K.L.:
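Structure incoming, see below.
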Amino acid sequence: MRLSQYFMPILRDDPKEAEIASHRLMLRAGMVRQEAAGSYSWLPMGFRVLKKIEQIVREEQDRAGALEVLMPTLQSADLWRKSGRYDAYGKEMLRIKDRQDRDLIYGPTNEEMITDIFRSGVQSYKDVPRNLYHIQWKFRDEVRPRFGVMRGREFLMKDAYSFDISVEAGKHSYNKMFVSYLKTFARMGIKAVPMRADTGPIGGDASHEFLVLADTGESGVFFDGALHDLDWSTIDIDYDNVEAVANMVADYTSRYAATDEKHDQAEFEKRVPEGKRLSGRGIEVGHIFFFGDKYSLPMGCEVQGPDGKKVTLQSGSYGIGVSRLVGGIIEASHDKDGIIWPEAVAPFKVGLINIKSGDAEADAAAEKIYKDLQAKGVDVLYDDRNQPGGAKFAAMDLIGLPWQVIIGPRGLKEGIAEIKNRKTGARENVALDQVTARFSN
RNA sequence: CGGGGCGUAGCGCAGUCUGGUAGCGCACCUGCCUUGGGCGCAGGGGGUCGCGAGUUCGAAUCCCGCCGCCCCGACCA
């Protein structure tokens, strides 16, 4: 993509409404535009990141055996009356009437609908276990939206729902999602620590939140420093191996880690040696629940067992805040100059800077590298604007692409380009004809 | 939902107290010059001063009502 033909309205000044880094940087880099309190339009640069994150989530859900569906944003109020949550959910749920004066709601979550769908499609114990998920926009009419996309009212969420014949089988479904979350976040280049959590209005028994550690997080967290010793980047497992999956969950939950809601100071001090007691703040990017028959029972979600008797299914739900992750990743990965995208979610892999646009030699060299990179399938953003070099450096650092390729008269004299790593700042001179090879996988 | 604050050009702000026909920086357009960390010179465009009603000869400014947004707290993917 040529920057001269892109839509990326960069702001030089900080918008006054943005207090925290991710919000400020997303607005400055032209990734999003606020439409109303807690409601954002995603501009090309931001949308690319959102889609990359969504795709990683999708691939890891599929790998864990979940099946993708898509449910509507608007739901019938009757469905929610059946579960009792129409009255219980409170004002966060947006209630709407259609032209026939029928009560609708804009879905804040989908337990009722998925349970209804699943119930109508299964009759036998042979039809379970199953896990259905979708990635869909949600609306929760938050009392106080803030921090940009981190607490919007309208947000993109992946929510999965498991159905099992027994509590024991349900536990395995829960554990599979637990492990798949470790893999999902690891692929995005962030560490999201699972912590015991309150179950909230969704209800249930077992529940873990996954939190990205960041000073601007909304939750207080307390954890064992030994958690840092675990390997968070390579999670490898056979999902069908019940014991291995359970062991891995045990491994990542055996050390103390809790949000302030579940924190027990006495237990913390008993289990964690003094030098290892860490506390801080975290951003909740995932939340998993096992809630048994909480919805299956009132909604009659049951199958016939081997003995011919009806069995009420056991369920869990598993959420990942896809749009929140965009902000969460920035909170965990930025510096004074701008965003530092982990490669897996970066909007482009390479930013190509032509320091002297208009100079025949520089233009020719940059054009060639641009076309070669594209031919090799490397996502490249080419700053071909007629701007001074300093402005291009500043813009490229702001938007945070992992690699910068810098073409200028100085290097061209020696037949080289400069490659800069955005994260480390390391620079390297590379012969012009070797640049493309450096980025081909 | 309680407390505080803000709404003037795309962004950041001044002007409001003390009413007199709207200004600054950046951005943008044209030309020249430049391009190794937000370059220089010259010229230029852009505003129903959040909305409505009032007071006044005259309202961004004073009065009344409304709307929107932000921050702190209580609540949450």
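Predicted model only: the values in this text are computed from it and were never measured. A, B, ... follow the sequence lines: proteins, then strands. Residue 1 opens every chain.
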K.L.:
For Gly90(A), answer base if it contacts any base atom (sugar-phosphate contacts may also be present), sugar-phosphate if it contacts only those atoms, and nothing otherwise; contact means non-hydrogen atoms under 4.0 Å.
P.N.:
nothing
K.L.:
Nearest 0.5 angstrom please: Thr184(A) OG1 to Phe210(A) CZ, how far?
P.N.:
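So the gap between those two atoms works out to 9.0 Å.
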K.L.:
Within the 4.0 Å heavy-atom criterion, would you say Met150(A) contacts the bases, only the backbone, or no part of the nucleic acid?
P.N.:
base
K.L.:
Check whether any side-chain nitrogen or oxygen of Gln34(A) sits under 4.0 Å from OP1 or OP2 of rG68(B), and answer yes or no.
P.N.:
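Negative; the distance criterion is not met.
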K.L.:
For rA74(B), which nucleotide in any strand shown is its Watson-Crick or wobble partner with both distances under 3.5 Å?
P.N.:
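Because no pair has both required distances under 3.5 Å, rA74(B) counts as unpaired.
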K.L.:
Expressed as a whole number of angstroms, how long is the span from Asp359(A):CG to rU35(B):P?
P.N.:
10 Å
K.L.:
Need one value for Gly107(A): base, sugar-phosphate or nothing, where a base atom within 4.0 Å counts as base even if backbone is also close, heavy atoms only.
P.N.:
nothing
K.L.:
With sequence neighbours excluded, tell me which residues meet ring pair (Phe, Tyr, Trp, His ring centres under 6.0 Å) with Tyr6(A).
P.N.:
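Result, ring pair (Phe, Tyr, Trp, His ring centres under 6.0 Å) vs Tyr6(A): Phe348(A).
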K.L.:
Using the P atom in both, what is the distance from rA14(B) to rG7(B), to the nearest Å?
P.N.:
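Here rA14(B) and rG7(B) have their P atoms 7 Å from each other.
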K.L.:
Over all strands shown, is Ala18(A) touching base, sugar-phosphate only, or nothing at heavy-atom distances under 4.0 angstrom?
P.N.:
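Nothing: the residue Ala18(A), judged by heavy atoms under 4.0 Å, touches no strand.
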K.L.:
Taking CZ from Arg385(A) and P from rU35(B), how many angstroms apart are they, rounded to a whole number?
P.N.:
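Interatomic distance, CZ of Arg385(A) to P of rU35(B): 17 Å.
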K.L.:
Answer yes or no: side-chain N or O of Arg427(A) and base N or O of rG37(B) forming a donor-acceptor pair under 3.5 Å.
P.N.:
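Pair found.
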K.L.:
Are more than 12 heavy atoms, taken from residues, nucleotides or ligands other than Lys191(A), located less than 6.0 Å from that residue's NZ atom?
P.N.:
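It does: Lys191(A) NZ has more than 12 such atoms within range.
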K.L.:
Using the C1' atom as the reference point in each nucleotide, state the distance between rG43(B) and rC51(B) in Å, no decimals.
P.N.:
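That atom pair is separated by 37 Å.
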K.L.:
Using the C1' atom as the reference point in each nucleotide, state the distance between rG44(B) and rC6(B) in Å, no decimals.
P.N.:
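Comparing C1' positions in rG44(B) and rC6(B) gives a spacing of 32 Å.
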K.L.:
Show your working on ring pair (Phe, Tyr, Trp, His ring centres under 6.0 Å) between His23(A) and Phe147(A) and close with a plain yes or no.
P.N.:
CA-CA 6 Å; His23(A) 191 196; Phe147(A) 303 147; 8.4 Å; no
K.L.:
If I pick the P atom on rA60(B) and the same atom on rG54(B), what distance separates them, to the nearest angstrom?
P.N.:
16 Å
K.L.:
Map Ser219(A) and Ala391(A) onto RNA chain B by nearest heavy atom, then report which one ends up closer to the 5' terminus.
P.N.:
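Its nearest nucleotide being more 5', the pick is Ala391(A).
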K.L.:
What nucleotide among rG36(B), rG37(B), rC1(B) has an atom nearest to a side-chain atom of Ile406(A)?
P.N.:
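The answer is rG36(B), which lies nearest to the side chain.
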K.L.:
Considering only the C1' atoms, how many Å lie between rA9(B) and rC49(B), rounded to the nearest integer?
P.N.:
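One C1' to the other, the span is 10 Å.
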K.L.:
In whole angstrom, give the distance that lies between atom CD of Glu418(A) and atom C1' of rG37(B).
P.N.:
12 Å
K.L.:
Here's one to test your reading of the geometry: is the NZ or CZ of Lys294(A) within 45 degrees of the ring axis of Phe291(A) and under 6.0 Å from its centre?
P.N.:
no
K.L.:
For the residue pair Lys392(A) and Ser357(A), confirm or rule out a side-chain donor-acceptor distance under 3.5 Å.
P.N.:
yes
K.L.:
Pick base, sugar-phosphate or nothing for Ser323(A), based on heavy-atom distances below 4.0 Å to the nucleic acid.
P.N.:
nothing
K.L.:
Can you tell me how far P of rC70(B) sits from NE2 of His23(A), to the nearest Å?
P.N.:
8 Å
K.L.:
Rounding to an integer number of angstrom, what distance separates rU21(B) and rG65(B) when you compare their P atoms?
P.N.:
29 Å
K.L.:
With the side chain of Arg324(A) defined as its heavy atoms from C-beta on, choose the nearest nucleotide among rU35(B), rA74(B), rA77(B).
P.N.:
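Minimum distance to the Arg324(A) side chain belongs to rA77(B).
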K.L.:
Could you report the tightest heavy-atom contact between Ala258(A) and Tyr256(A), atom names first, then the distance?
P.N.:
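For Ala258(A) versus Tyr256(A), the nearest heavy atoms are CB-OH, 3.8 Å.
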K.L.:
Any donor-acceptor pair under 3.5 Å linking the side chain of Lys420(A) with the backbone of Glu418(A)?
P.N.:
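No: the side chain of Lys420(A) does not pair with the backbone of Glu418(A).
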K.L.:
Between Glu19(A) (CD) and rC72(B) (P), how many Å, whole number?
P.N.:
6 Å
K.L.:
Tell which nucleotide pairs with rG23(B), taking only Watson-Crick or G-U wobble pairs whose two distances are both under 3.5 angstrom.
P.N.:
rC13(B)
K.L.:
Counting heavy atoms from C-beta on, name the nucleotide in rA77(B), rA74(B), rU35(B) closest to the side chain of Phe289(A).
P.N.:
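Of the candidates, rA77(B) comes closest.
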K.L.:
Nearest-Å distance, NZ (Lys356(A)) to C1' (rU35(B))?
P.N.:
7 Å
K.L.:
Under 4.0 Å between any heavy atoms, over every strand shown, what does Gly408(A) touch: base, sugar-phosphate, or nothing? Just pick one.
P.N.:
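The answer is base, as Gly408(A) lies within the cut-off (heavy atoms under 4.0 Å) of a base atom.
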K.L.:
With a centroid cutoff of 5.5 Å and a plane-angle limit of 30°, would you call Phe393(A) stacked on rG36(B)?
P.N.:
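Phe393(A) ring does not meet the centre or angle cut-off for rG36(B); no stack.
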K.L.:
Which nucleotide sits closest to the side chain of Ala37(A): rC70(B), rG37(B), rA74(B)?
P.N.:
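Taking heavy atoms from C-beta onward, the closest nucleotide is rC70(B).
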K.L.:
Rounding to the closest angstrom, what is the interatomic distance between rA59(B) and rU8(B) at atom C1'?
P.N.:
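My reading of the C1' atoms in rA59(B) and rU8(B) gives 14 Å.
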K.L.:
Closer than 4.0 angstrom, basic N to acidic O: yes or no for Arg153(A) and Asp141(A)?
P.N.:
yes
K.L.:
Which base, if any, makes a Watson-Crick or G-U wobble pair with rC28(B), both distances under 3.5 Å?
P.N.:
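Because both required distances fall under 3.5 Å, rC28(B) counts as paired with rG44(B).
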K.L.:
Calculate the interatomic distance between Ile10(A) atom CD1 and rC28(B) atom P; express it in whole Å.
P.N.:
11 Å
K.L.:
Return the polar atom pairs (N/O with N/O) between nucleotides 6-14 of chain B and the protein under 3.5 Å, or none.
P.N.:
| unit_1 | atom_1 | unit_2 | atom_2 | d |
| --- | --- | --- | --- | --- |
| rC6(B) | O2' | Lys16(A) | NZ | 3.1 |
| rC11(B) | O2 | Asp13(A) | OD2 | 3.4 |
| rG12(B) | OP1 | Lys16(A) | N | 3.2 |

K.L.:
Could you tell me the separation between the CG atom of Asn386(A) and the P atom of rC33(B), rounded to a whole number of Å?
P.N.:
12 Å
K.L.:
Which whole number of Å gives the distance between the P atom of rG40(B) and that of rG45(B)?
P.N.:
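After rounding to an integer number of Å, I get 22 Å for this pair.
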K.L.:
Find out whether the Lys NZ or Arg CZ of Arg95(A) is both under 6.0 angstrom from the six-membered ring centre of Tyr86(A) and within 45° of the ring's axis.
P.N.:
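Yes, a cation-pi geometry holds between Arg95(A) and Tyr86(A).
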K.L.:
Counting any heavy atom closer than 4.0 Å, what does Asp397(A) reach on the DNA or RNA strands: base, sugar-phosphate only, or nothing?
P.N.:
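Base, at least one base atom sits under 4.0 Å.
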K.L.:
Between Glu261(A) and Lys91(A), which residue's closest nucleotide on RNA chain B lies nearer the 5′ terminus?
P.N.:
Lys91(A)
K.L.:
Short question: side chain of Trp137(A), backbone of Met157(A) - any donor-acceptor pair under 3.5 Å?
P.N.:
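It does not hold such a pair.
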K.L.:
Which base, if any, makes a Watson-Crick or G-U wobble pair with rC6(B), both distances under 3.5 Å?
P.N.:
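Pairing partner, where one exists within any strand: rG68(B).
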K.L.:
rA74(B), rU35(B), rC1(B): which one has an atom nearest the side-chain heavy atoms of Arg146(A)?
P.N.:
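In terms of side-chain proximity for Arg146(A), the closest of rA74(B), rU35(B), rC1(B) is rA74(B).
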K.L.:
Please work out if Arg28(A) contacts a base, only the sugar-phosphate, or nothing of the nucleic acid, heavy-atom cut-off 4.0 Å.
P.N.:
base
